[in-house]
**Student:** 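This is the structure, below, for whatever I ask next.
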Amino acid sequence: MQKPSLPKGTRDFGPLQMARRNYILDAIKDTFQLFGYQQIETPSMENLSTLTGKYGDEGDQLLFKILNSGDFLKGLTSEDLSKGSAANLTKLSEKGLRYDLTVPFARYVAMNRNELSFPFKRYQIQPVWRADRPQKGRYREFYQCDADVVGTESLLCEAEIIWMIRQVFAKLGLKDYAIKVNNRKILTGIAEAIGEQGKEGPLCVAIDKLDKIGWEKVKEELLQRGFEEASMQKLLPLVNLASGVKERLAVLTQFLNQSPVGLQGVKELEEVFRFLEQLGIPLDHVDFDPMLARGLSYYTGAIFEVKVNGVSIGSVSGGGRYDNLTGVFGLPGVPGVGFSFGVDRLYDVLEELNLFPEERLAGTQVLLAHFDQKGLEYGLRWLTALRAEGVRAELYPEVSKLKKQLEYASKKELPFVGICGDEEIASGRLMVKNLTTGEQESLTLPEAIVRLKK
RNA sequence: GUGAUUGUAGCUCAGUUGGUUAGAGCGCUGGUUUGUGGAUCCAGAGGUCGCCGGUUCGAGCCCGGUCUUUCACCCCA
């Protein structure tokens, strides 16, 4: 016998977990559909050439590669082998598991350019895989729920993303959260304004830790990364930033007055907020953070990140605008903006905050119990009749003690048991027992249907 | 990838400086009850102490390796 086990960083989902996951997924799906997004799916595996080089060196390391079928060592000489696995990767593996949903989507758009009508709004809910080291809120297999709209530069899309996030969080009962918003152009502008052009990457990595380690430590880190003392002094107005979206935009307009790019970023953000105002969407929960940076490699406009306050989980949603999604696949000039919910993290958050609804699993409504073969056969007739009326019913499938059948129903938290004994057979009725109250009464079929239908 | 950490029954965990036959609670199975679950009581089943190797007269305990768990960093959902 072998001991059963699961690969590192993967999980099973039991009935309760699935019910809860579906509760989250339904909230997300309903919202995506309400906003006109259409669902697509792509294969779990992609050609490795589609995936590599899209996520940086670190990302390539985290790709799960699939060994070629058949004799995967065929054609390799011992000389090849001595060069190590990296040198032979292209010969050993030509497929990999998808790392996110954005790159497969880009591939899909490029391949279906002639069939799609732009702007194209799609959503996609599928697992992705990363050969990361698992820890809290981090798994090697997890679901992403992406919504993207490609083929338009309209900032209405950005406004709608904020709207959708608000909608989903409201559905899930989450009240204390922050939608952090920024614009990549503002980051570029800030680097310009302090005289460190092109260094927004390291700048943000360091500044991002401001809350955690404080300004002094951040300065140390910036120094290590080759920033000038004078540049850092210029950052001060941004370190102790006023609160409030409008106030911050004013500060940035001033701060970036020499940087056309930066000002453009501010202007774009202002337009997003103007759209929201016109839509009647309040700006609470929305937080303009000029130092927010994400996936710098491909975002070019708006950047989003959502955090739930008071929980030990990282961001539960994020996204941004990119100018050129499909360029690497030979289709230039397709801009887009998208974002993603992390279901697994939302699950952990809702669990930590105890926000899952108490309601029972949508399981069986009534178990038909019996004492002997005769009762079981009488139960078959009831099973047909009840199911025909849409009552979720099951019949205990073998003859056994009533105690055992009641325990089974009790353990599954079924609300009712219908007892099929000699008395019921004689009267043509069903003894319906309420497992919560313990009360029971003998009912006819129409009476039972009224009682059990839910 | 770097540095820690964890692993004993289905689950949660005890297990003394290395010393006979590895324990508890919960759960499970059966009984107490041949038409009534959750409670009580009784009985029972269930373990290659993650795995491989080493030290020792003797290893759950010590050493090495490996896998796994959790955490921090990096990065990220």
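Throughout, protein chains are lettered first and strands after them, A, B, ... in sequence-line order, and every chain is numbered starting at 1. Treat the numbers as computed from the prediction; the structure is a model and nothing was measured.
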**Student:** Taking A/Glu46 for the side chain and A/Gly96 for the main chain, is one N or O donor matched with an acceptor at less than 3.5 Å?
**Tutor:** no
**Student:** Measure from NZ on A/Lys307 to C1' on B/C76 and round the result to the nearest Å.
**Tutor:** 11 Å
**Student:** Say you pick atom C1' in B/A9 and the same atom in B/C26; how far apart are they, in whole Å?
**Tutor:**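 One C1' to the other, the span is 12 Å.
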**Student:** Can a side chain N or O of A/Lys401 be found less than 4.0 Å away from OP1 or OP2 on B/G31?
**Tutor:** yes
**Student:** Is the distance between the ring centroids of A/Tyr347 and A/Phe356 less than 6.0 Å?
**Tutor:**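 That pair passes the under 6.0 Å test.
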**Student:** What stems, by residue range, does RNA chain B take part in, given at least 3 consecutive Watson-Crick or G-U pairs under 3.5 Å?
**Tutor:**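 Listed by first number, the stems are B:1-4 with B:70-73, B:10-13 with B:23-26, B:28-31 with B:41-44, B:50-54 with B:62-66.
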**Student:** Please report the distance, rounded to the nearest Å, between CZ in A/Phe371 and P in B/G37.
**Tutor:**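 In whole Å, B/G37 P and A/Phe371 CZ are 11 Å from each other.
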**Student:** Can you check the A/Ile303 CD1 to B/A77 C1' distance for me, whole Å?
**Tutor:** 16 Å
**Student:** Can you check whether A/Thr326's main-chain N or O pairs, donor with acceptor, with A/Arg107's side chain at less than 3.5 Å?
**Tutor:** no
**Student:** Can you check side-chain contact (heavy atoms from CB on, under 4.5 Å) on A/Lys453 and A/Glu389, steps first, answer last?
**Tutor:** CA-CA 8 Å; A/Lys453 198 158 183 178; A/Glu389 289 297 323; 4.2 Å; yes
**Student:** For A/Phe304 and B/A77, give me the distance from atom CZ to atom C1', rounded to whole Å.
**Tutor:** 16 Å
**Student:** Just by modelled atom types, is the A/Leu402 backbone N or O under 3.5 Å from a matching donor or acceptor in the A/Lys404 side chain?
**Tutor:** no
**Student:** On a whole-Å scale, what distance lies between the C1' atoms belonging to B/U69 and B/A4?
**Tutor:**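 Taking atom C1' in both B/U69 and B/A4, they lie 13 Å apart.
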**Student:** Hey, is A/Glu141 close enough to A/Arg130 for a salt bridge, meaning N to O under 4.0 Å?
**Tutor:**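 Between A/Arg130 and A/Glu141 there is no salt bridge, as every charged N stays at least 4.0 Å from the carboxylate O atoms.
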**Student:** Strictly under 3.5 Å: I want the nitrogen or oxygen pairs between protein and nucleotides 42-44 of chain B, one per line.
**Tutor:**
none

**Student:** Mark yes or no for a side-chain to base donor-acceptor pair under 3.5 Å between A/Glu424 and B/G35, with no hydrogen or angle criteria applied.
**Tutor:** yes
**Student:** So, A/Tyr123 versus A/Phe32, ring centres under 6.0 angstrom or not?
**Tutor:**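 Yes, the ring centres sit under 6.0 Å apart.
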**Student:** Could you tell me how far B/U70 sits from B/G15 if I compare only their C1' atoms? Round to whole Å.
**Tutor:** 23 Å
**Student:** Could you pick out which residue, A/Lys411 or A/Gln144, lies toward the 5' side of RNA chain B when each is mapped onto its nearest nucleotide?
**Tutor:** A/Lys411
**Student:** Quick one: side-chain hydrogen bond (donor to acceptor under 3.5 Å, both in side chains) partners of A/Glu398, sequence neighbours excluded?
**Tutor:**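 Once residues adjacent in sequence are excluded, A/Glu398 has no partner under the side-chain hydrogen bond (donor to acceptor under 3.5 Å, both in side chains) criterion.
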**Student:** Can you tell me the distance, in whole Å, between the CD atom of A/Glu439 and the P atom of B/G37?
**Tutor:** 16 Å
**Student:** A/Phe142 on top of B/A77's base, within under 5.5 Å and under 30°?
**Tutor:**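 Yes, the aromatic ring of A/Phe142 stacks with the base.
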**Student:** Could one point to a donor on the side chain of A/Arg138 or the base of B/C71 with an acceptor on the other under 3.5 Å away?
**Tutor:**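 For A/Arg138, whose side chain was compared with the base of B/C71, there is no donor-acceptor pair (under 3.5 Å).
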**Student:** Please state how far atom CD1 in A/Ile419 lies from atom C1' in B/U36, giving the value in whole angstrom units.
**Tutor:**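 Nearest whole value for this atom pair: 6 Å.
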**Student:** At 4.0 Å (heavy atoms only), tell me whether A/Gln440 reaches a base, stays on the sugar-phosphate, or touches nothing.
**Tutor:** base
**Student:** Closest to the A/Leu402 side chain: B/C76, B/U36, B/G37?
**Tutor:**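 Closest of the options to the side chain of A/Leu402: B/U36.
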**Student:** Please find out if less than 6.0 Å separates the ring center of A/Phe339 from that of A/Phe304.
**Tutor:** no
**Student:** With C1' as the reference atom in both, quote the distance from B/G7 to B/U68 in angstrom, rounded to an integer.
**Tutor:** 7 Å
**Student:** Report which part of the nucleic acid A/Gly9 touches: base, sugar-phosphate, or nothing (heavy-atom distance under 4.0 Å, all strands).
**Tutor:**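 A/Gly9: backbone/sugar contact only, no base atoms under 4.0 Å.
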**Student:** Under the criterion salt bridge (charged side-chain N to carboxylate O under 4.0 Å, His left out), I'd like the reasoning laid out for A/Arg248 against A/Asp289: C-alpha separation, chi angles, the key distance, then a yes or no.
**Tutor:** CA-CA 8 Å; A/Arg248 288 188 172 182; A/Asp289 177 356; 5.2 Å; no
**Student:** Identify whether any heavy atom of A/Gly438 sits under 4.0 Å from a base atom; if not, whether one sits that close to sugar-phosphate; answer base, sugar-phosphate or nothing.
**Tutor:** base
**Student:** With salt bridge (Lys or Arg N to Asp or Glu O under 4.0 Å) as the test, pick out the partner of A/Arg138 among A/Asp348, A/Asp344, A/Asp132.
**Tutor:**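 Running salt bridge (Lys or Arg N to Asp or Glu O under 4.0 Å) over A/Asp348, A/Asp344, A/Asp132 with A/Arg138 returns exactly one hit, A/Asp132.
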**Student:** Within the sub-3.5 Å range, which N or O atoms of nucleotides 65-67 of chain B have a protein N or O partner, and how far apart are they?
**Tutor:**
none

**Student:** Donor-acceptor pair under 3.5 Å: do we get one between A/Gln405's side chain and the base of B/U36?
**Tutor:** no
**Student:** B/U56 and B/A72: how far apart are their P atoms, nearest whole angstrom?
**Tutor:** 42 Å
**Student:** When the distance from CG of A/Leu6 to C1' of B/U69 is rounded to whole Å, what number comes out?
**Tutor:** 12 Å
**Student:** How far, in whole Å, is B/C51 from B/G60 if one measures between their C1' atoms?
**Tutor:**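 About 14 Å, rounded to a whole number of Å.
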**Student:** CE of A/Met431 versus C1' of B/U36: gap in Å, rounded?
**Tutor:** 10 Å
**Student:** Using OP1 and OP2 only, check whether a side-chain N or O of A/Gln135 sits under 4.0 Å from B/A72.
**Tutor:**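 Yes, A/Gln135 has a side-chain N/O under 4.0 Å of OP1/OP2 on B/A72.
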**Student:** Students often get this wrong, so: under 4.0 angstrom with heavy atoms, is A/Tyr139 touching a base, only sugar-phosphate, or nothing?
**Tutor:**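 Result for A/Tyr139 = base.
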**Student:** What contact category does A/Asp344 fall into here, base, sugar-phosphate, or nothing, at under 4.0 angstrom with non-hydrogen atoms?
**Tutor:** nothing
**Student:** Using a 6.0 Å distance limit plus a 45 degree cone around the ring axis, check whether A/Arg122 lies over the aromatic ring of A/Tyr37.
**Tutor:**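 No.
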**Student:** Which pairs pass ring-ring contact (aromatic ring centres under 6.0 Å, His included) with one or both residues in residues 136-166 of chain A, sequence neighbours excluded?
**Tutor:**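 Residue pairs passing ring-ring contact (aromatic ring centres under 6.0 Å, His included), neighbours aside: A/Phe35-A/Trp163.
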**Student:** Can you tell me if A/Asn22 uses its side chain to pair, donor with acceptor, with the backbone of A/Leu25 under 3.5 Å?
**Tutor:** no
**Student:** Would you mind classifying the nucleic acid contact of A/Gly421 as base, sugar-phosphate or nothing, using non-hydrogen atoms under 4.0 angstrom?
**Tutor:** base
**Student:** By nearest nucleotide on RNA chain B, pick out whichever of A/Glu423 and A/Leu62 is the more 5' one.
**Tutor:** A/Glu423
**Student:** Using atom C1' in both nucleotides, what's the gap between B/G53 and B/U17 to the nearest angstrom?
**Tutor:**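 Their C1' atoms lie roughly 25 Å apart.
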**Student:** Work out how far the P atom of B/C63 is from that of B/U5, and round it to whole angstrom.
**Tutor:** 12 Å
**Student:** All N/O contacts under 3.5 Å from nucleotides 3-5 of chain B to the protein, with atom names and distances to one decimal?
**Tutor:**
{"from": "B/G3", "atom 1": "O6", "to": "A/Arg133", "atom 2": "NH1", "distance (Å)": "2.9"}

**Student:** Measure up the A/Tyr408 and A/Tyr396 rings against each other and bin them: parallel (under 30°), tilted (30 to 60°), perpendicular (over 60°).
**Tutor:** perpendicular
**Student:** When all nucleic acid strands are considered with a 4.0 Å heavy-atom cut-off, which category describes A/Ser315: base, sugar-phosphate, or nothing?
**Tutor:** sugar-phosphate
**Student:** Using a heavy-atom cut-off of 4.0 Å across all strands, would you classify A/Val316 as base, sugar-phosphate, or nothing?
**Tutor:**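 Sugar-phosphate: the residue A/Val316, judged by heavy atoms under 4.0 Å, touches backbone atoms but no base.
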**Student:** With a 4.0 Å cut-off, would you call A/Asp422 and A/Lys374 a salt bridge?
**Tutor:** yes
**Student:** Using a 6.0 Å distance limit plus a 45 degree cone around the ring axis, check whether A/Arg321 lies over the aromatic ring of A/Tyr299.
**Tutor:**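 A/Arg321 over A/Tyr299 ring: no.
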